[in-house]
Amino acid sequence: MDRAVQPPLNTFAGLSLVLDRVAELRDESAWIVEQARSPLARYLLLDGAGEAFLHRDRDALRWLDANERERWFGDLRASLLGMAYERPHFLLVADDPARMGELEHALDARRMSLRSAGLLLAADEASLFAYAKGLSHWQRETRFCTHCGAPLLLVAAGHRAQCTNAECARLHFPRTDAAVIMLVEHNGACLLGRQAGWPPGRYSTLAGFVEPGEALEDAVRREVAEEAGVIIDQVRYHSSQPWPMPASLMVGFIATAVSRQIRMRDHELEDARWFTPAQIVDGIADGSFLPSTRLSVSYQLLAHWLRQRAGLELDALTAAATPG
Ligand SMILES: [Zn+2]
């Protein structure tokens, strides 16, 4: 049966639909030089803090072409992101804070964080920005060999770092930290929690990092037990999302609890409680319940649950609560 490709559910996900990372060509330096000089080449520019340059007058990335790259950043190494829309795509990191104002003016651009731009950019550009930000963070943070302490040298078009100590010569690869995020349900209610520093009324699904020796499902059970003392029965995969802030992969689950008994064990949360769909609807309407940002898997898990269990659309509920 033919099935159309589904649009990606989560922001920053779905990059494989538009981008070929051409990992097999990362060591083909002659090919890469040729691509970098091509009139089709596009350069995504990030500053040292991982903010991207967007057009000043529209919500789109301000890509540089090969001429602009040569004029402004002839001395900077570019990392190969891959081929998209039959054009080579590269990452450039401008790490000189003194030049940023000048650059913004010259490129008629503004800088924006991934968190802000993720809500404004088209899905493909948001995903490319996330990929570039994750890669540049790893490059910036991975300067010394974790085995022998010698300086590292970026190789493979920016995707590996090699130890410069010839007796060690270890290769280091970009790392991603897996985190689980889960909507826990029990007989028509879902478990949400809040941290002390959050805006008033903000409740979100529980989440936490996967530990060594742990399967994702085990991490779900442990985190829910630690944060809320709730015992989990079934765990079902929902979706995942790259979350390079700075280096996470969020893996979303729907889990079923055996009971509603809550006992806060690790005090990571200020509060955890069960919400019925009706309580969420009323809370959004009167401003006492604030869901997570639309960018997050947490929002998508809650939206999915409300749709499945109560036929409600979270987008419509939040839009009605915030007119204009
Ligand atoms: Zn080493």
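We count ligands from 1, going down the list as the structure has it; atoms in each ligand are counted the same way. Quick caveat: nothing in here was measured; it's all calculated off a predicted structure.
- Around the Zn ion (ligand 1), the protein atoms of type N, O or S found under 2.8 Å away are Cys145 SG, Cys148 SG, Cys163 SG, Cys168 SG, listed by chain and number.
- Remark: the backbone N or O of Glu104 is not paired with any side-chain donor or acceptor of Arg110 at under 3.5 angstrom.
- Arg26 places no side-chain N or O within 3.5 Å of a backbone atom of Ala156 that could act as its donor or acceptor partner.
- Figure legend: Arg62 and Tyr43 shown without cation-pi pairing, the cationic atom not lying both under 6.0 angstrom from the six-membered ring centre and within 45 degrees of its axis.
- Ring geometry for Trp243 versus Phe12: interplanar angle of 30 to 60°, hence tilted.
- Screening Arg42, Arg37, Met83 for a side-chain contact (heavy atoms from CB on, under 4.5 Å) involving Pro88 leaves a single residue, Met83.
- The main-chain N or O of Arg260 is found under 3.5 Å from a side-chain atom of Trp274 such that the two form a donor-acceptor pair.
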